[in-house]
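Down below is the structure, laid out as structure tokens.
The first residue of the sequence shown is numbered 1, and numbering continues consecutively from there. Each ligand, and each atom within it, is numbered from 1 in the order the structure gives.
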Amino acid sequence: MTDDARSHRRYNPLLDEWVLCSPGRLARPWQGRTETANDTPRASYDAACYLCPGNERARGARNPVYEHTFAFDNDFPALSPHTGAPDTHASHTLLRSAPASGHCRVICYTPRHDTSLGSMGTEEVMCTIDAWAVEHEALARQPGTRYVQLFENRGQLMGASNPHPHAQIWSTDFVPTLPARKARAQQAYLAEHGSDLLGDYLAAELRSDERVVTANAHWVSLVPFWAQWPFQTMLIPRTRTTTLGELSPDARRALAHLLGETVRAYDRLFDCEFPYSMGWAAAPVGADDGSWRLHAEFLPPLLRSATVRKFVVGYELMAEAQRDITPEEAAARLRAAAAK
Ligand code: H2U
């Protein structure tokens, strides 16, 4: 067994958890499930799409004939602005519940049904970034909002209900589990080292250059040292910022470039519309103490090809996150795809 193929664990300082890395396992035979690559070309307008301009949505509302971005209240929201159910299980300290309220919105990136962040022009991606920032700020301003999470599910494999390019944004009157862990980790790091965790991490990655996929004057895309998903990437700004709204016009343009490059590299890797969940990790609302650095995460499920995915099952569900291909190899393959 080569050194590279030796199993080891890597620490994720943002989530305070370990990932088991077992590079040798990729040699195992695969007779399990293969997915159907679902890349039938789409038309630029689909009369049956709930998100295309002018169309009626599932609950009867009609979309305007929008020309750039379009955001609306989710017709099937996971949270409502009214405070959730009272604590009905208080009869035992182990049976805890808590009220939860918030808003859920949908953001369409473009009227075109057949595009994506990888094929849209830079100006269009900038419009999308602006819409993300505006929506984030509007939800963050609402009284009681403590966190705003923006995410995009791309592809049926990741549960996207519709191929029209869009994201969802949910605000909550609580800081959800993972952002709360990230906040604690970044605060503890600042208290101990006097600098921000992701800033120091980025500096270390730029020195080694092993896991960087693509970079420009404002942003870096890399496969995190502790990545769980085979081709997971993280987009980190070179200057500490806490929300998209704080980005200068130059930083937004640079981000638009990097987003396009990232998604195109994914699409070239296995020659398919690469499925992923992508999301923005902004600081909790009104809580900037100098520790949090804005970042985006792409979590794509594909492992060996357009049709063989990673399953998070068994050991990973019971014991610890695990990956086969090393983050360094994943980064090298994504770098090559980005350079094509
Ligand atoms: P996903 O593709 O990630 O599921 O996002 C689409 C969202 O759009 C989903 O949350 C909403 C769904 O509830 N939606 C509407 O609000 N109205 C519709 O008519 C269709 C879909």
Checklist entry - Which of these passes salt bridge (Lys or Arg N to Asp or Glu O under 4.0 Å) with Glu273: Arg42, Arg264, Arg268? => result Arg42
Next on the checklist: Tell me whether ligand 1 is touched by Phe72 - counting only heavy atoms on the residue side and a distance under 4.0 Å.
Outcome noted: yes
Next on the checklist: Suppose we screen for side-chain contact (heavy atoms from CB on, under 4.5 Å). Which residues come up paired with Ala319, at least two apart in sequence or across chains?
Outcome noted: Tyr315
Checklist entry - Starting from atom 3 (O) of ligand 1, which protein heavy atom do you reach first, and at what distance in Å? => result Gln168 NE2, 2.9 Å
Checklist outcome for this item: The option among Asp73, Asn55, Asp75 carrying the non-hydrogen atom nearest to atom 16 (O) of ligand 1 is Asp75
Next on the checklist: Within the 4.0 Å heavy-atom shell around Ala58, which atoms of ligand 1 are there?
Outcome noted: 18 (C), 19 (O)
Checklist entry - What do you reckon, does Arg59 put a non-hydrogen atom under 4.0 Å from ligand 1? => result no
Checklist entry - Do the rings of Phe274 and Tyr266 sit parallel, tilted or perpendicular, given the 30° and 60° boundaries? => result parallel
Item to check | Val312: partners by side-chain contact (heavy atoms from CB on, under 4.5 Å), with sequence neighbours left out | outcome: Gln228, Trp229, Lys310, Glu316, Leu317
Checklist entry - Okay, side chain of Thr241, backbone of Pro237: is any donor-acceptor separation there less than 3.5 Å? => result no
Next on the checklist: Quick test: of every protein heavy atom, which one is nearest to atom 8 (O) of ligand 1, and how far off is it to 0.1 Å?
Outcome noted: Val106 CG2, 3.6 Å
Next on the checklist: Under a 4.0 angstrom heavy-atom cut-off, which atoms of ligand 1 come close to Ser161?
Outcome noted: 1 (P), 2 (O), 4 (O), 5 (O), 6 (C)
Checklist outcome for this item: Filtering Asn74, Asn63, Ile107 for the heavy atom nearest atom 14 (N) of ligand 1 leaves Asn74
Item to check | Pair Arg335 + Glu261: basic N to acidic O under 4.0 Å | outcome: no
Checklist entry - Can a protein heavy atom be found under 4.0 Å away from atom 21 (C) of ligand 1? => result no
Checklist entry - Can a cation-pi geometry be assigned to Arg211 and Phe225, taking NZ or CZ under 6.0 Å from the six-membered ring centre and within 45° of the ring axis? => result no
Item to check | Atoms in ligand 1 flagged as close to Tyr50, the criterion being non-hydrogen separation under 4.0 Å | outcome: 18 (C), 19 (O), 20 (C)
